[in-house]
Amino acid sequence: MDSGIAAILGATVGALGTGGAAAVTGLWGARTVRSQLAAQEAQLRRGLRADHVRERREPRRIVYADFLAQARAIERALGRYRESHTTDLDTFHREIDKLDHLGVHVILEGPPPVVSLSQELIRTVHRCIRPLRDSIAARERFDAGSHQCVDAAASVAEAGLAFTAEVRDFAEAARRVLDDASALETPTP
């Protein structure tokens with residue numbers, strides 16, 4: 001082999017080696033860049049999800065707190081009706097109407113477990129009306145110590161205890177939802 005051919009072969013091998021090394025380095029670099037971009041995208045998605053969770057939590061917290069505050073006002077009203085001798089249920093009906101209105105906000109904010117408990121709580125407070133009416137009627141017709149009055153008062157107390165249990169259940173479910181970030185996320189289609 002003469003020296004010219006050897007020089008050309010050496011230059012060709014060197015060029016191919018350098019070009020091959022550059023191609024491998026380029027492919028490796030592109031792969032690294034894709035991995036870095038994927039990691040940055042995942043981090044951005046996590047950040048956006050966390051922001052979304054924060055944005056969903058605060059309105060829910062406000063709606064749940066308003067609903068619970070109204071439910072507690074009704075609890076206190078039930079106690080006052082049971083212990084007083086009032087015959088006017090208009091105020092109690094207005095308090096229930098407020099709870100119904102706030103229940104719509106709970107429906108809009110969700111999620112389904114809290115919505116179902118809020119609706120059950122509203123149904124339970126509506127079931128308190130009949131024992132209250134019966135108690136008022138018994139007080140109007142019988143002596144305060146009569147067994148009719150005592151039985152009617154016991155029915156109001158029983159309805160009030162059922163309502164209080166529903167309030168507690170709703171509060172627990174609302175607290176769990178607010179603590180659980182996955183429950184705050186909106187499902188993606």
Side-chain angles (χ1 to χ4, degrees), residues 1-76 94-128 161-189:
M1 178 186 244
D2 78 357
S3 65
I5 293 177
I8 291 175
L9 280 174
T12 302
V13 169
L16 288 175
T18 302
V24 168
T25 302
L27 290 172
W28 183 264
R31 184 176 163 193
T32 303
V33 167
R34 279 193 302 272
S35 295
Q36 288 174 344
L37 288 175
Q40 288 173 350
E41 183 180 356
Q43 183 177 5
L44 178 62
R45 287 182 192 273
R46 282 190 303 271
L48 289 173
R49 192 174 331 120
D51 290 344
H52 177 73
V53 165
R54 277 191 295 276
E55 289 171 7
R56 291 285 293 157
R57 179 177 284 129
E58 187 57 21
R60 280 183 174 173
R61 187 193 65 75
I62 291 168
V63 166
Y64 296 167
D66 290 347
F67 186 80
L68 279 170
Q70 184 59 32
R72 295 299 308 266
I74 290 173
E75 273 183 314
R76 288 187 299 278
R94 282 192 298 274
E95 296 297 322
I96 291 174
D97 289 343
K98 288 178 193 175
L99 189 69
D100 281 335
H101 175 75
L102 292 169
V104 171
H105 294 275
V106 174
I107 290 171
L108 292 175
E109 288 297 327
V114 174
V115 170
S116 63
L117 286 171
S118 72
Q119 296 307 297
E120 183 57 35
L121 193 146
I122 291 169
R123 283 189 293 275
T124 301
V125 77
H126 281 280
R127 286 191 295 265
C128 292
L161 288 174
F163 181 72
T164 298
E166 295 287 339
V167 171
R168 185 184 60 247
D169 291 346
F170 176 84
E172 287 298 320
R175 187 175 13 264
R176 279 192 306 272
V177 165
L178 292 174
D179 287 343
D180 181 12
S182 66
L184 293 168
E185 296 178 20
T186 304
T188 54

Closest non-hydrogen atom pair, [X] against [Y]:
X    : Y    : value
G110 : R60  : O-NE, 3.6 Å
S118 : V106 : OG-CG1, 3.5 Å
L117 : A173 : CD1-CB, 3.3 Å

Go through L68 and V167 one step at a time and tell me if the side chain to side chain contact (heavy atoms under 4.5 Å, CB included) criterion holds. CA-CA 7 Å; L68 279 170; V167 171; 4.0 Å; yes
Would you say the side-chain atoms of E95 pair up with the backbone N or O of Q70, donor to acceptor, closer than 3.5 Å? no
Under-4.0 Å salt bridge between E41 and R45: yes
Is the shortest side-chain heavy-atom distance between [X] and [Y] below 4.5 Å?
X    : Y    : answer
L121 : L99  : yes
H101 : K98  : no
I107 : Q119 : yes
P111 : V177 : yes

Pick one: which of D179, I62, L178 meets side chain to side chain contact (heavy atoms under 4.5 Å, CB included) with R57? L178
Run E75 and R72 through side chain to side chain contact (heavy atoms under 4.5 Å, CB included) and show every step you take. CA-CA 5 Å; E75 273 183 314; R72 295 299 308 266; 2.6 Å; yes
Parallel, tilted or perpendicular, as decided by the 30° and 60° cut-offs, for the rings of F67 and F170: tilted
Under the rule for side chain to side chain contact (heavy atoms under 4.5 Å, CB included), what residues qualify as partners of H126, not counting sequence neighbours? I96, D100, I122, I129
Any residue meeting salt bridge (Lys or Arg N to Asp or Glu O under 4.0 Å) with R61, in chain and number order, not counting sequence neighbours: E58
Output side-chain donor-acceptor pairs under 3.5 Å for residues 20-36, partner residues at least two apart or in another chain, one line each.
| residue | atom | partner | partner atom | Å |
| --- | --- | --- | --- | --- |
| T25 | OG1 | A21 | O | 2.7 |
| T32 | OG1 | W28 | O | 2.9 |
| S35 | OG | R31 | O | 3.1 |

